[in-house]
**Student:** 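Dumping the structure here so I can ask a few things about it.
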Amino acid sequence: MVQIYAYQNSLKTGEGKDKYCFRSVVDQTMDNEQLVKEIISYNSTITDADARAVLSVLNDRVRHFVNLGYKVELPFGYVYNKANGTVAKLNDGFIPGKGNHRITTVFKFKEDASSEMTKDASYKLAGSGYVQFPSIKEISSILPNGTESENLEFSAGAMLRIKGKNVSFDAEDEIQGVFLVSSDTTETRISNYNRIGTNVLEAYIPSVAAGSYEIKLVTKPGTERYEKAVSSTTITITA
């Protein structure tokens, strides 16, 4: 459900501007597992393996051809790359990552698809408030002497430090917390913490299979919704 909140309009300038504005959050997520089930139930001739195979191939081929410079058409929109940046001289070259030179991925909905998704859309007026979205800014390991290290290789029992914004959560709620997400999307919730603060978390790595893991943080800043943040870097857990 799209939940709509009223906020004080911090961008209000000049006369005639409204004092409050609307912002929204989505309190439900349809993940890949749910999507596979929906595909199977939509057409009984499609097996679980069929659905997973098609999604896997689609994921691989879209990434591949967008990377090659194609504008890839999907049933409801287009995916493509675009370049942005500035230079002092006309003959200066474009170098991604230099200055403000960026290549970014764009998704543009087809008009009929966008119209169908927004027409009679489900929403709920949820009152006023301020949603404190969690964000992960930095991940580090803690050495035995208590100092931070950029080495992101951990063994069971080692301490992981997460720095960010609005990272605190209720450890008694099993939906909230820090989760280790493996390459096959298996999630393991961390249950032992040294510190749970607004800007800093310290968690003890549990015993899991060796491999590379994403760090996912789930909080509940409101009474009816959960929010999540995923780290931009991965950690390695050794046997």
Side-chain angles (χ1 to χ4, degrees), residues 26 29-36 52-53 55-68 79 81 96-98 101-107 132-171 173-221 226-239:
V26 177
T29 300
M30 174 171 283
D31 59 22
N32 280 340
E33 292 301 314
Q34 291 171 303
L35 184 57
V36 167
R52 293 181 188 278
L55 289 178
S56 177
V57 172
L58 181 65
N59 177 51
D60 179 82
R61 293 295 83 189
V62 169
R63 294 186 189 205
H64 175 72
F65 284 105
V66 170
N67 181 264
L68 291 179
V79 188
N81 284 335
K98 179 181 179 181
H101 296 192
R102 298 287 184 273
I103 293 179
T104 56
T105 304
V106 176
F107 187 92
Q132 297 178 313
F133 294 103
S135 63
I136 298 173
K137 301 294 186 182
E138 182 181 327
I139 292 176
S140 60
S141 59
I142 304 299
L143 300 178
N145 62 6
T147 60
E148 289 186 359
S149 171
E150 295 181 356
N151 181 7
L152 298 182
E153 289 190 1
F154 298 82
S155 58
M159 186 183 295
L160 165 72
R161 177 174 288 171
I162 298 172
K163 294 181 180 179
K165 294 180 63 178
N166 308 314
V167 298
S168 62
F169 61 89
D170 180 2
D173 182 353
E174 293 187 355
I175 297 179
Q176 300 182 61
V178 178
F179 295 80
L180 302 175
V181 185
S182 66
S183 57
D184 65 356
T185 70
T186 300
E187 297 186 0
T188 301
R189 182 176 183 267
I190 296 178
S191 57
N192 294 322
Y193 299 89
N194 181 59
R195 174 163 47 154
I196 301 176
T198 302
N199 299 314
V200 179
L201 290 174
E202 291 177 346
Y204 293 101
I205 298 296
S207 179
V208 294
S212 179
Y213 290 82
E214 282 186 333
I215 303 298
K216 184 177 81 169
L217 170 66
V218 179
T219 68
K220 193 175 185 182
Y226 291 92
E227 300 295 341
K228 73 175 181 178
V230 179
S231 65
S232 58
T233 57
T234 59
I235 68 170
T236 298
I237 298 180
T238 57

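All heavy atoms count here, side chains included; hydrogens, waters and symmetry mates do not.
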**Student:** Quick one: closest heavy-atom pair of Met30 and Leu35, and the distance?
**Tutor:** CG-N, 4.0 Å

**Student:** If I compare all heavy atoms of Thr188 with all of Pro206, which pair ends up nearest, and what's the gap?
**Tutor:** CG2-CG, 4.3 Å

**Student:** Can you see whether Thr29 engages Asp31 through a side-chain donor-acceptor pair at a distance of less than 3.5 angstrom?
**Tutor:** no

**Student:** Taking the side chain as everything from C-beta on, heavy atoms only, tell me whether Ile139 gets closer than 4.5 Å to Ile235.
**Tutor:** yes

**Student:** Looking at Ala229 and Pro134, what are the two nearest heavy atoms and their distance?
**Tutor:** CB-O, 3.5 Å

**Student:** Looking at Asp170, Leu201, Val178, which one forms a side-chain contact (heavy atoms from CB on, under 4.5 Å) with Ile196?
**Tutor:** Leu201

**Student:** Mind checking the OG-CD1 spacing from Ser207 to Ile237? Nearest 0.5 Å is all I need.
**Tutor:** 9.0 Å

**Student:** Report yes or no: does Ser149 contribute a side-chain atom to a donor-acceptor pair with the main-chain N or O of Leu143 at less than 3.5 Å?
**Tutor:** no

**Student:** Quick one: pull up CD1 in Ile215 and CZ in Phe179 and give me the separation to the nearest 0.5 Å.
**Tutor:** 11.5 Å

**Student:** Output yes when a side-chain donor or acceptor of Glu153 lies under 3.5 Å from a complementary backbone atom of Thr238, and no otherwise.
**Tutor:** no

**Student:** Tell me, with the steps shown, if Arg161 and Arg195 meet side chain to side chain contact (heavy atoms under 4.5 Å, CB included).
**Tutor:** CA-CA 9 Å; Arg161 177 174 288 171; Arg195 174 163 47 154; 4.1 Å; yes

**Student:** Would Asn194 and Met159 count as a side chain to side chain contact (heavy atoms under 4.5 Å, CB included) if you check the C-alpha gap in whole Å, the side-chain angles of each, and the deciding distance to 0.1 Å?
**Tutor:** CA-CA 8 Å; Asn194 181 59; Met159 186 183 295; 3.8 Å; yes

**Student:** Could you report the tightest heavy-atom contact between Tyr193 and Tyr204, atom names first, then the distance?
**Tutor:** C-CE1, 3.9 Å

**Student:** Measuring from atom CD1 of Ile205 to atom CD1 of Ile190, what distance do you get when rounded to the nearest 0.5 angstrom?
**Tutor:** 4.5 Å

**Student:** From Thr234 OG1 over to Tyr213 OH, what is the distance, rounded to the nearest 0.5 angstrom?
**Tutor:** 11.5 Å

**Student:** Given Val167 and Thr198, is the side chain to side chain contact (heavy atoms under 4.5 Å, CB included) satisfied, shown in steps?
**Tutor:** CA-CA 5 Å; Val167 298; Thr198 302; 5.9 Å; no

**Student:** Looking at Arg63, I'd like to know if its CZ atom is crowded, meaning that more than 12 non-hydrogen atoms belonging to other residues, nucleotides or ligands lie closer than 6.0 Å.
**Tutor:** no

**Student:** Roughly how far apart are Leu180 CG and Arg189 CZ, rounded to 0.5 Å?
**Tutor:** 11.5 Å

**Student:** Applying side chain to side chain contact (heavy atoms under 4.5 Å, CB included), run through Ile142 and Glu148 and close with a yes or a no.
**Tutor:** CA-CA 5 Å; Ile142 304 299; Glu148 289 186 359; 3.9 Å; yes

**Student:** To the nearest 0.5 Å, what is the distance between OG (Ser231) and CG (Leu217)?
**Tutor:** 10.0 Å

**Student:** Could you pull out all residues at least two apart from Arg52 that satisfy salt bridge (charged side-chain N to carboxylate O under 4.0 Å, His left out)?
**Tutor:** Glu33, Asp48

**Student:** Using ring pair (Phe, Tyr, Trp, His ring centres under 6.0 Å) as the criterion, list what pairs up with Phe107, not counting sequence neighbours.
**Tutor:** Phe76, Phe109

